[in-house]
Amino acid sequence: MKILIPGISGAIGRRLALRLHAQGHQVAGIDLRKWPDVPNGIRVHAVDLRKRSAEDVFRKFRPEVVIHLATVTSFVVGGGDERYRINLGGTRAVFEHCHRYGVEHAIFIGRHTFYGAGPDSPLYHTEDEPPQGLAHYPELADLVSADLFAATALWRFPEFTTTVLRNCYSLGASGTGTLAMFLRGKIVPLLLGFDPLFQLMHEEDVVSAIVLTIEKRIRGIFNVAGPPPLPLSLVAKGVGRRVLPLPEFILKRMLGRGGLPKLPAGALTHIKYPIVIDSGAFRKATGFQYEFDESTTLQTFAQAFPVEG
């Protein structure tokens, strides 16, 4: 099968490309970031997803499956306007090219943070819920827009299968991703009086879930999660970090200082309230079972990024 991966040079994209290539698929990608040691047989096109040169990749390669991993968070791109253009503009281009060049299956990789964190959130979020809490975390708006646009392909482009995956936090040896950035320092801040549940899964399990999505060719929107969620304090201790509970007004002033991670102000709601998703529909549709439990996943990160000093 011919598979195209926009965002191939990221941590999940590389692992996914290697897995699919080993299975005998023809794999290509689009990414402005370099993959210096890309193996023979995998072609990476260093072009902007929103430009005509990216459309040329679709036209010439004629992929059967497209896996869209090329969205970014506020941790990676700070400017809201540019982030919005990348996430929404890039997603629109991907699905329009899929429609124009005969793609059979398009997969959008989203995030469970779509649902938002808040005091009135349900215990488990299901796929039919709208986004919540964006008034508190405006940096999520562009990701929500991209997710919703991808979902419209289910009825706008009925000629191909569309799958939207809303994955929980990933963690692994790459040290990339929202949760990894939060855990990279020596100290993990907690808001005094709060210890929310965090859902996480190993990077390799994320790859396995995407591969199953291709094999089963499921249509629709699906939450994807791994082991049971853990309190944030246990996540921090599991990777060898010290937790520091602080009042909210102090933590807001301390963000990015004294060994604390630099977070958008809106992200504080995510260390007050949990975002836990129900992934039963995905497991039923694909038979997915996670391979790495929470302890192994945390150890993988801790070994790759030990606390110094």
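Keep in mind that the numbers below use all heavy atoms, side chains included, and drop hydrogens, waters and symmetry copies.
- The backbone N or O of Lys2 lies less than 3.5 Å from a partner atom in the side chain of Glu64, making a donor-acceptor pair.
- Distance alone, capped at 3.5 Å, is enough to place a donor-acceptor pair between the His202 side chain and the Glu204 backbone.
- Looking only at atom types and distance, the side chain of Thr178 has no donor-acceptor partner in the side chain of Arg111 under 3.5 Å away.
- The aromatic ring centres of Phe157 and Phe95 sit 6.0 Å or more apart.
- Side-chain atoms of Glu104 and Arg217, non-hydrogen and from C-beta on, do get closer than 4.5 Å to each other.
- Phe198 and His270 have their aromatic ring centers separated by at least 6.0 angstrom.
- With rounding to the nearest 0.5 Å, the separation of CG in Leu244 from CE in Met254 is 7.5 Å.
- Residue Glu159 places its CD atom among more than 12 non-hydrogen atoms of other residues, nucleotides or ligands, all under 6.0 Å distant.
- Checked by atom type and distance alone, the side chain of Glu129 pairs as donor or acceptor with a backbone atom of Thr126 at under 3.5 Å.
- There is a side-chain donor-acceptor pair under 3.5 Å between His68 and Thr91.
- At least one side-chain heavy atom of Arg14 sits less than 4.5 Å from a side-chain heavy atom of Trp35.
- Counting only heavy atoms from C-beta outward, the side chains of Val235 and Tyr169 never approach each other to under 4.5 Å.
- A donor-acceptor pair under 3.5 Å is formed between the side chain of Arg241 and the backbone N or O of Val239.
- Although no hydrogens or angles enter the test, the distance criterion places a donor-acceptor pair under 3.5 Å between the side chain of Asn223 and the main chain of His125.
- The shortest non-hydrogen separation linking Thr71 to Ile109 is OG1-O, 4.2 Å.
- The two residues Thr286 and Lys216 make their nearest non-hydrogen contact at O-CE, 3.6 Å.
- Inter-residue side-chain proximity for Thr213 and Ile218 is flagged as met; some heavy-atom pair is nearer than 4.5 Å.
- Under the 3.5 Å distance criterion, the side-chain polar atoms of Arg242 are left unmatched by any main-chain donor or acceptor of Lys186.
- The distance from atom CE of Met1 to atom NE2 of His105, rounded to the nearest 0.5 Å, is 9.5 Å.
- For the pair Leu171/Leu183, a side-chain contact is recorded, criterion being any heavy-atom separation below 4.5 Å from C-beta on.
- The backbone N or O of Phe292 sits less than 3.5 Å from a side-chain atom of Asp205, completing a donor-acceptor pair.
- Within the 4.5 Å cutoff, the side chain of Phe108 has heavy atoms near those of the Asp147 side chain.
- Between the side chain of Arg184 and the backbone N or O of Gly175 there is at least one donor-acceptor pair closer than 3.5 Å.
- Contact record, Leu232 with Pro189: CD2-O, 4.3 Å, taken as the closest heavy-atom pair.
- Side chains of Ser295 and Gln299: a donor on one and an acceptor on the other come within 3.5 Å.
- Atom-to-atom distance recorded for Thr176:OG1 and Ile12:CD1 is 6.5 Å, nearest 0.5 angstrom.
- Side-chain atoms of Asp195 come within 3.5 Å of backbone N or O of Ser233 as a donor-acceptor pair.
- Scanning both residues, Cys168 and Gly226, for their nearest heavy atoms gives SG-N, 4.2 Å.
- Linking Ile, Leu, Val, Met, Phe, Trp and Tyr whenever their side-chain heavy atoms come within less than 4.5 Å leaves Ile30 and Val65 in two separate clusters.
- Of all the heavy atoms in Ala11 and Ser174, the pair that sits closest is CB-OG, 3.3 Å.
- In Asp37, the CG atom is crowded: over 12 heavy atoms of neighbouring residues, nucleotides or ligands sit closer than 6.0 Å.
- Residues Ala209 and Phe282 approach most closely at O-CZ, 3.5 Å, considering heavy atoms.
- Thr296 and Asp293 share a donor-acceptor pair across their side chains, judged by distance under 3.5 Å alone.
- Residues Phe182 and Val188 form a side-chain contact, since some pair of their non-hydrogen atoms from C-beta on lies under 4.5 Å apart.
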